[in-house]
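Comments concern the structure below.
Residue numbers count from 1 along this sequence. Please read all numbers here as calculations on a predicted model, not as lab measurements.
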Amino acid sequence: MSGLAFLFTNPAILAALVALPVIWWLLRMTPPRPSAEVFPPLRILASVMKREETPAQSPWWLTLLRMLMAAALILAIADPVINPRQNTLSSAGPLALVIDNSWATVSDWNQRVEAAGALIDDAEAKELPVSIVFTTDRQHDATPASAAAARDRLAAAQPQPLPADRERALAAIKAALAGSPPGTLAFLSDGIEASNGGTMQQIAELGATNVRRVEGNAESAIALTAATNENDGMRVTASRLPLGEPRAYYVLARDIRGTAIAEGELRFATGATTADALLKAPFELRNDFARLTIEGQATAGGLHLLDDGNRRRRVALLSGEVHQSQPLLSPLYYIKRALEPHADLIEPREEAVGKAIAELLAQNPSILVMADVGRLPDESYPLVTRWLENGGMLVRFAGPRLAGAPADDPLVPVVLRQGERTLDGALSWSEPQPLADYPSSSPFAGLERPRDVLVKRQVLAQPTPDLTERTWANLADGTPLVTTAERGRGRIVLFHVSADPNWSNLPISGSFVDMLRRSIQLSRAGGVAGDQPSKAQTLPPYRLVSARGELTGDTGSARPLEIAPGIAPTVSADTPPGLYGSEEGFVANNLLPDGGKLTPIAGNLVGARAEGLEGARPFSIRPYLFGLALALFVLDTLIVLYMAGGLAGLRRRAGRGAATAALVATLGLATLGLVAALAPAIAHAQDSQPSDEQTLQRLDTTHLAYVITGEQEVDRLSEQGLIGLSNYLTYRTALEPGAPVGVDLEQDELAFYPIIYWPVSATAPMPSSRVMSRIDAYMRNGGTVLFDTRDQFSSLTPSDAGDSPNVQRLQAMLSGLDIPPLEPVPSDHVLTKAFYLLSNFPGRYAESQLWVEAAPNDDEDRSNRPVRGGDGVTPIMITGNDFAGAWAVDVNGAPLLPTVPPDEMQREYAYRAGVNIMMYMLTGNYKADQVHVPDLLQRLGQ
């Protein structure tokens, strides 16, 4: 709303202002002020028959004060509102609410509910029915109903992990209204165009009198769209709406347990809608990736599930002949060029076929490719057969050697005729044959049939009843080109042509790459994941994705997923994103298809209003008017007490008459000015300072505290680190801490917290002298500050060369404090046995010592200690091991950062170090005192 509007919610109350003259007359009268008299008996008797007196009148300024109080009360009851909400709904028909509750609405769903609720209130004020639909629902009931029914449906709605399907929702409204147009159509959009487009055109077809388009936070609409396992890492692609400004995100790769094992950065340039991130990791580690997440984006779009099809295969290559001097003549040359971008290739060093096969199979490949290999040595058949039955895939190419091999070869999918068939030459009546369309049951289904590929020679299969079922590709004359057969858990695939251009030009065509790639996708990656289907299958839901990007075992009403070779599954209300199959093997159905993009809703309707979820909020002046009336009432009470002699001391020091009037008027004006001037400050102070309830809660429950440095990333890691330690304390000990609290050292009370974690950062603002004075007082009164430079420093003296910037900043901060002598934690210190028995105190790093106050010598005068350690507790701790980085967890409880070096036991010891520190803070030298128990018992005679 442009400009400033003003409205009284209850304007009828303003009629009471007419009564102000009557109030003036009533307020002018006050009881006579009592006077002090000496006790002469005759004076009392003389005053018995006193004439009737008229009441004294109050001074004009006191009457004016009371009039102002009465006016403030009347105006407060009338409830004046700045920027009042305007009810602009059309009365020509019902209100139609089209609400996107897609995955992109998670971040601002509460604001959407508030905006929709305000529209329903407007409809109720005009007695209009409401037709409400949610664009991801499986079934729509758009029948116009009462405002109360619409509120019930709105309260029950939740975001879903699905894209918006507005076509069905708008069709339901059209059918429910029986062709009559709605008065107002309010479209609460997520800003993303549907896959079939035309959203605004479909809205226009309803013919609403006016259209209001409300959009939320488009910055949260970001989704992972593809993941490709390349040679040097996994490349992840993400898409967002065109916002204009650059933005960077972190992508984390997690294993099946949710542990982050690799990360990469998505960096969107100015105006860019897509960005890539490369997650570098070894081949074996990449095959452990189970899902990809965008840090800080808890939506279904920020999660990309991986299945066996995303894992990189290890392919072993074996050829019947070697052309080292002429590589273009090698049967493996074209296979290498086709598979290098999609698999890790290995070749044998042994030249003998038997030794080469044993060498290759020892490296546990997923696929073994044999190009023109005929009869194998007898000792190789058991090795290959056992490898096949355990899940391997054997891909063979024909050639002269295979054509001359015996017909009883067990490592071919079909029975072959000896020799080859020649389709071109002087003695042949046949012409070279093109390829036929791929069968619908073939994994090549969906690929375009190559028009320029011709086959001149091939090996033929003996006709059998199951030959058609075993054929993946045919020539135009019906003879098989690619055949297959299952062997145990594995598979054999045979290309009936050679892997070089001697028999056909297939190896030098693009179809060769596609066929090989789809063939290897059917193999097992490392032999651990489920097979990709080679024919149509129906898979039940196994794990589904929630709207907040979490995997859940609650499959609800999801239906089985139909999987067909060569056809990517799609997301719908019946088949939401998730994993389909079972624990032994599953297929990932992600929110967006590979290569998908987020595009904004195109176009707008003429006369349609575009607005945000949060416009100019209504602002009521009622609380301030009640506050003013209360202040005037208090002032009036003080004046009456003063005039009645209740404030005798003040009365004796003040003058009479005009001087008194001037004083009271000055006090009144000062009170009015003070109330008006301090109202915003008081409101701000109430928001920023903890309430009494919060203070009691912090005193009743132990809270871990961290220093707010002003650097967003450092403060975020500190909070998530203390959350992780609090969860560990709750799980492992009797202590159940409350939520961590970030403290502002300038103004927050520090005495609530037994220990304060301070991540030192050289780039953060230098603490002021007031802050360091407060820290000094905090430590002198028994508090402890844990300084963490997060850089594995090994010395605290400024003379050491090579101090990091964080260490130098810490030295500058502590230079003005009276810090006690420090030493690394001794082996017999209470910290080493406060709860766990520890020998060191690692964090994300493990090289730094934990420095504490040095133990005083026996002959040291403890009264001169610069800082008192409460109950034997050191007032200061210093480390560089980055405790918070090791403790930090995300919303799922998974670690955020890897340890250095990567070691989960180091993280466990970091948690134990945190437990010992907290127990030491809360129990003091209790553990140290236990060593005196035997002596005490002996002295007591027990």
Side-chain angles (χ1 to χ4, degrees), residues 316-323 326 328-335 338 351-354 356-357 367-378 380-381 384-385 388 393-436 453-464 466-468 470-485 487 491-509 512 515-516 519:
L317 303 179
L318 183 63
S319 175
E321 57 179 312
V322 180
H323 293 273
Q326 295 180 317
L328 293 178
L329 299 180
S330 171
L332 295 179
Y333 175 79
Y334 301 95
I335 298 176
E351 294 185 0
V353 173
I357 290 178
I367 302 104
L368 174 60
V369 178
M370 295 196 305
D372 193 19
V373 176
R375 182 72 181 181
L376 299 180
D378 293 339
S380 298
Y381 282 101
V384 177
T385 301
L388 278 172
M393 173 181 279
L394 174 62
V395 180
R396 303 190 67 174
F397 286 87
R401 289 178 175 80
L402 183 62
D408 59 348
D409 189 345
L411 297 181
V412 291
V414 294
V415 181
L416 300 178
R417 295 181 180 180
Q418 282 192 319
E420 71 251 22
R421 174 194 183 196
T422 302
L423 302 175
D424 187 22
L427 300 178
S428 175
W429 292 92
S430 303
E431 295 290 337
Q433 289 291 311
L435 272 65
V453 171
L454 296 175
V455 175
K456 298 180 293 185
R457 301 172 67 183
Q458 67 175 141
V459 292
L460 291 175
Q462 290 281 8
T464 57
D466 59 349
L467 180 60
T468 302
R470 298 189 177 190
T471 301
W472 281 356
N474 289 303
L475 297 183
D477 61 1
T479 55
L481 177 66
V482 182
T483 55
T484 184
R487 291 289 189 273
R491 179 179 298 277
I492 301 175
V493 179
L494 173 63
F495 284 76
H496 290 241
V497 293
S498 64
D500 54 32
N502 290 334
W503 285 23
S504 74
N505 59 348
L506 177 64
I508 60 177
S509 69
F512 188 68
M515 295 171 74
L516 281 180
S519 296

(request) Could you tell me whether the side chain of Thr385 reaches within less than 4.5 Å of the side chain of Arg487, counting heavy atoms only? (result) no

(request) Would you check if Pro501 and Tyr334 make a side-chain contact, meaning some heavy-atom pair closer than 4.5 Å? (result) yes

(request) Can you measure from OG (Ser498) to CZ (Arg401) and round to the nearest 0.5 angstrom? (result) 12.0 Å

(message) For Thr464 and Val414: C-alpha separation, side-chain torsions, deciding distance, then whether side chain to side chain contact (heavy atoms under 4.5 Å, CB included) applies.
(response) CA-CA 9 Å; Thr464 57; Val414 294; 5.6 Å; no

(request) Could you tell me which non-hydrogen atom of Asp372 sits nearest to which non-hydrogen atom of Ala398, and how far apart they are? (result) CB-O, 4.0 Å

(message) Does any part of the side chain of Leu494, heavy atoms only, come nearer than 4.5 Å to the side chain of Leu402, both counted from C-beta?
(response) yes

(message) Is the shortest side-chain heavy-atom distance between Val395 and Leu368 below 4.5 Å?
(response) no

(message) One pair to check against side chain to side chain contact (heavy atoms under 4.5 Å, CB included): Leu388 and Arg491. What are the steps and the verdict?
(response) CA-CA 7 Å; Leu388 278 172; Arg491 179 179 298 277; over 6 Å; no

(message) Are Met515 and Leu506 packed together at the side-chain level, in the sense that at least one heavy-atom pair is separated by less than 4.5 angstrom?
(response) yes

(message) Let's go through Phe397 and Val373 carefully: what are the C-alpha distance in whole Å and the side-chain angles of both, what is the deciding distance for side chain to side chain contact (heavy atoms under 4.5 Å, CB included) to 0.1 Å, and is it a yes or a no?
(response) CA-CA 8 Å; Phe397 286 87; Val373 176; over 6 Å; no

(request) Determine yes or no for a side-chain-to-main-chain donor-acceptor pair under 3.5 angstrom, with Asn474 supplying the side chain and Ala436 the backbone. (result) no

(message) Is it the case that the side chain of Gln458 and the backbone of Leu475 share a donor-acceptor pair, with hydrogens and angles ignored and the cut-off at 3.5 Å?
(response) no

(request) Give the minimum heavy-atom separation between Ala499 and Ile335, together with the two atoms involved. (result) CB-CD1, 3.6 Å

(message) Rounded at 0.5 Å granularity, tell me how far CZ in Phe512 sits from OG in Ser504.
(response) 8.5 Å

(request) Hey, could you give me the OH/CZ distance between Tyr381 and Arg375, rounded to the nearest 0.5 Å? (result) 3.5 Å

(request) Evaluate the criterion side chain to side chain contact (heavy atoms under 4.5 Å, CB included) for residue pair Leu318 and Ile357; output intermediate values, then yes/no. (result) CA-CA 8 Å; Leu318 183 63; Ile357 290 178; 3.5 Å; yes

(request) Taking all non-hydrogen atoms of both residues into account, name the closest pair between Gln433 and Asp477 and its distance. (result) OE1-N, 3.3 Å

(request) Evaluate the side-chain proximity of Leu411 to Leu394: yes if any heavy-atom separation is below 4.5 Å, no if none is. (result) yes

(message) I'd like to know if the side chain of Thr484 reaches the main chain of Ile492, judged simply by a donor and an acceptor atom lying under 3.5 Å from each other, with no hydrogens or angles considered.
(response) yes

(request) Evaluate the side-chain proximity of Arg421 to Thr479: yes if any heavy-atom separation is below 4.5 Å, no if none is. (result) yes

(request) Write down the atom of Arg470, the atom of Pro413, and the distance for their closest heavy-atom approach. (result) NH1-O, 2.5 Å

(request) For residues Ala461 and His496, report the shortest heavy-atom separation together with the two atoms involved. (result) CB-CE1, 4.0 Å

(request) Only one of Leu376, Val353, Leu332 passes side-chain contact (heavy atoms from CB on, under 4.5 Å) with Met370; say which it is. (result) Leu376

(request) Return the minimal non-hydrogen interatomic distance between Ala338 and Leu516, and the atom names on each side. (result) CB-CD1, 3.8 Å

(request) Answer yes or no: is there a side-chain heavy-atom contact under 4.5 Å between Trp503 and Val455? (result) no

